[in-house]
Amino acid sequence: MLSPSMINDPEHLLDGLTEPQLEAAAHVDGPALVLAGPGSGKTRVITRRVAWLLHQGIPAWQVLALTFTNKAAGEMRERIDALLPSTMTNRRGLFVATFHAFCARQMRNHAQLVGLDSGFSIYDTSDQRSAMKEALSTSNLDSGNWTPASMLSAVSKAKNDLKTAAACEEEAGDFYTRAVARAYQSYSKILRRNNAVDFDDLLLLTAELVRTNEAVRSELQNRFKYVLIDEYQDTNHAQFVIADGIANAHGNLFVVGDPDQSIYGWRGADVANILEFEEKYSGTKIISLGRNFRSTGHIVAAADALIRNNRRRKHKDLHTELGDGEQVRMIRCQDERHEAEQIALAIRSASTDGIDYRSMAILYRVNALSRVLEDSLRSAGIPYVIARGTAFFARREIKDALSYLRALANPLDDVALARIVNVPARKIGAKTLKAIGRHAMHEDISLFDALLDVNRVEGIGPRARRSVEIFTQTVARWQAQLENGHLAQLAGFVAQVITESGLEAMHLGTGEEDGQERVANLNELVNAAAEFEMPDEELDGPPPEATDANESTLPIVDSAPVAGLLEALRSFLESVALVSDQDAIDESRGAVTLMTLHAAKGLEYDFIAMAGLEEGMLPHARSQEGEQELEEERRLCFVGMTRAKRRLVMTMAASRAVRGQRNRTVPSSFLSEVPEEHVSLERLDGSGGFDEGLSIVYDSEFIDESHDEEGRGLGARFPAGTVVRHPQFGIGTVRSISPRGTVSSAKVAFHGIGTKTLILEYARLEIVHG
DNA sequence: TGGCCGTGACTTTTT
DNA sequence: GTCACGGCCA
């Protein structure tokens, strides 16, 4: 076994590490898999290891570290930087980025190889939706059988598996898959025509490039001799191909992750990547980090007990040496308002106990839950921020401003142009636009070129014609400015477009109630542009000497430093397109953070409140159909619980209004999977218990010892084959029964509905015949 | 052309 | 409860 004293470590990089941490941090060559439980010092290991590599004389520009969020990338960069002596000569050029940003960078450099212009746009969800809408209507698929959103998710799935539209076409069998293939085809065409890509394309096209283009592959292989990937359990097939393509030449692939924290299966993440890593890379060094340095005993034990209910997992022993700490508080509240108040109270008392607001967070399964929590925090006078980086850029006024900028950065982007050509209203209405669109289609030119050609378009009145001319002149002026300007003018330019486009006046003028707020948001966008820094040469770009080494292949990955205004704008738009919700978190604000469980991945807080622990909420109703989905929900719950360092509160509301409809709820089965000795249970919903079946079950789970006869007994009454009646789903047949915690879950096939997984104790099944 | 209002569909999670 | 869309009127 290694120990610091056995290794020459003058910079003390390996000091204070546990044995397995040391093993990982001092790993240099060959494949390595670090299975890092929650709070096991993962980031510490990664940063020390990078510093260690450089310490061994490996130039920083040969190291590539990939993360999932910009926040994680930024933190990693900072922490590595802090570990490196400023005198170190080989510290320049470290490449730390998110997968998506890395891919965007590759594509800017090799745009022509994938049939794009380097000014390509990155479409966000709403752009994708308009593109898909158009795709469906042009290929006569808009019959109402499927929505743009469902088609997009099918296409996304295909892309994550690296399937092209042609491949989908080929293997399409039934009506639905054929429709998907056609929609995919037509959607891709639209994106291509607009010189645009979606999020999945960034990965897909880069993977294709790495896989099929020898020159690009060897360029990447030659530069990046050491590849690190964080949160490896959440990589999808495309990401695997990219990482593998770069690293298989030298095998220096170092991945860190935790299968128990895999929560992006729905997005194409493939846990097999981490589970089968050692088979794919022979000679893999496997290091398991189980000791938790984050949370106190009851929290770790509670989370551990929960996750043990997953069948498809590799067990890892979780333990802490931080002492028992406090029990997990579980509070049953009356309704969602009451729940929000209880959480506010818990935050107050945590604050009194010396926990800073900035070290507290409230987590929930769906964004819709944030509203009521916000209300209660506001009236309690507790400062809070919502981690929703993407929401800011989805606001109408911001999307408008960005569409202006995008149309300027990428003149082929018809989606952006169409959005703003008449915003604010400038007499270029639907009719005019349609005529112009037809002309563009007919002449096979972009919408903007068609606007320039307005005098040749029929069916447009003189007034509209004049308006179009004024608009195109303004745009031309901006474009000229972009060509000639430089980086430092970015914020000024953004402000100018906001003013000269009339957007600002539009929101100020009409006396809209929220006009002021919208203008403030636009100013915020200008601030973002002012704070935007081009990818930093110091830590991000390769040093000049790197260029020489690769002259025989292609120019080095990164081209000359960008200084022009146009490049700056494109870079800015790219960074804006790739923001994550986590990026909105700013610890310096001293506020409680609200976010989804998904967004909480990788973060930690002294105090965590988890809201909405109800069946249908967590686990979410949409994921209760199969065992796999249920296990992912359980992992999500596990991720949430393990964010807490000292205090964990889990709440549920006995009744909750969903979509305006108030419903009684059933406590999440996850709650009952936590052993009593780690829990302090509080019932504040006022119900006596015996008059209501649900609360009896809830009681029995935690307080009553009588659950054995009630719980286990039920499974025996519904053997497979029993025909039952469900109040909502109707008649069905029991397929199988399996014990889950102290209750029994049944898979029941309902006529015309499909198979549902039900908790026998909660679903009021009636036996039709046995 | 543009704005207003009523109706209906829909919400899981995100780079 | 919210958003998007289509129809209707100034």
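It should be emphasised that the depicted structure is a prediction, and the values quoted were computed from it without experimental measurement. A, B, ... follow the sequence lines: proteins, then strands. Residue 1 opens every chain.
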Closest approach to the side chain of Lys133(A), judged atom by atom: which nucleotide of dT13(B), dC5(C), dT14(B) is it? dC5(C)
Any ion pair linking Arg337(A) and Glu341(A) (charged N to carboxylate O, less than 4.0 Å)? no
For Asp200(A), answer base if it contacts any base atom (sugar-phosphate contacts may also be present), sugar-phosphate if it contacts only those atoms, and nothing otherwise; contact means non-hydrogen atoms under 4.0 Å. nothing
Which of Thr69(A), Asn70(A), Thr593(A) passes side chain to side chain donor-acceptor pair (under 3.5 Å) with Gln582(A)? It is Thr69(A)
For the side chain of Thr125(A), counting heavy atoms from C-beta on, which of dT2(C), dT15(B), dT14(B) is nearest? dT15(B)
At 4.0 Å (heavy atoms only), tell me whether Ala425(A) reaches a base, stays on the sugar-phosphate, or touches nothing. sugar-phosphate
Between the side chains of Ser655(A) and Arg662(A), is a donor N or O closer than 3.5 angstrom to an acceptor N or O? yes
Scan Tyr264(A) against the nucleic acid and name what it touches under 4.0 Å (heavy atoms): base, sugar-phosphate only, or nothing. sugar-phosphate
Spacing between Leu205(A) atom CG and dT15(B) atom C1', to the nearest angstrom: 15 Å
Side chain of Arg365(A) only, please: which of dC10(B), dT14(B), dT12(B) is the nearest? dT12(B)
Pick base, sugar-phosphate or nothing for Arg426(A), based on heavy-atom distances below 4.0 Å to the nucleic acid. sugar-phosphate
Check this one for me: any side-chain N or O of Asn70(A) less than 4.0 Å away from OP1 or OP2 of dT15(B)? no
Name the nucleic acid region contacted by Thr69(A), choosing base, sugar-phosphate or nothing; use a 4.0 angstrom heavy-atom cut-off, strictly under. nothing
With rounding to whole Å, what would you report as the distance between dT13(B) and dA4(C) at their P atoms? 15 Å
Polar side chain donor-acceptor pair, Ser580(A) to Lys71(A), under 3.5 angstrom: no
Which comes earlier along DNA chain B counting from the 5' end, the contact point of Leu578(A) or that of Glu633(A), where each point is its nearest nucleotide? Glu633(A)
Phe68(A) on top of dT15(B)'s base, within under 5.5 Å and under 30°? no
Applying the salt bridge (Lys or Arg N to Asp or Glu O under 4.0 Å) criterion to Asp260(A), which one of Arg635(A), Arg313(A), Arg312(A), Arg634(A) satisfies it? Arg313(A)
Between dA4(C) atom C1' and Arg396(A) atom CZ, what is the distance in whole Å? 13 Å
Considering heavy-atom distances to DNA chain B, does Ile428(A) or Arg388(A) have its closest nucleotide positioned more toward the 5' end? Ile428(A)
Check whether any side-chain N or O of Thr432(A) sits under 4.0 Å from OP1 or OP2 of dT1(B), and answer yes or no. yes
Tell me which nucleotide among dA4(C), dT15(B), dT11(B) gets nearest to the side chain of Arg622(A). dT11(B)
To the nearest angstrom, the CG-C1' distance between Asp198(A) and dT15(B) comes to 11 Å
Rounded to whole Å, please give me the gap between CZ in Arg267(A) and P in dT15(B). 6 Å
Phosphate contact (dT14(B) OP1 or OP2) by Thr596(A) side-chain N/O below 4.0 Å: yes
I need the CD1-P distance between Ile263(A) and dT13(B), as an integer number of Å. 13 Å
May I ask you to evaluate whether Ser580(A) reaches the phosphate of dT15(B), defined as a side-chain N or O under 4.0 Å from OP1 or OP2? yes
Closest listed nucleotide, where the reference is the side chain of Arg659(A) and the choices are dG2(B), dT14(B), dC10(B): dC10(B)
Using only side-chain N and O atoms of Asn367(A), determine if any of them is under 4.0 Å from OP1 or OP2 of dT13(B). yes
Note: Glu504(A)-Arg518(A) ion pair, threshold 4.0 Å (strictly below): no
Using a strict threshold of under 4.0 Å (side-chain N to carboxylate O), is an ion pair present between Asp234(A) and Arg267(A)? no
Value in whole Å for how far the C1' atom of dT14(B) lies from CG of Leu203(A): 12 Å
Counting the atoms with a prime plus P, OP1 and OP2 as sugar-phosphate, which does Asp124(A) contact under 4.0 Å by heavy atoms, base, sugar-phosphate, or nothing? nothing
Rounded to the nearest Å, what distance is computed from the CG atom of residue Leu204(A) to the P atom of nucleotide dT15(B)? 19 Å
Can you measure Arg129(A) atom CZ to dT14(B) atom P for me and round it to whole angstrom units? 17 Å
Verify the stacking flag for His620(A) against dT12(B): centroid separation must be under 5.5 angstrom and the ring planes must differ by under 30 degrees. yes
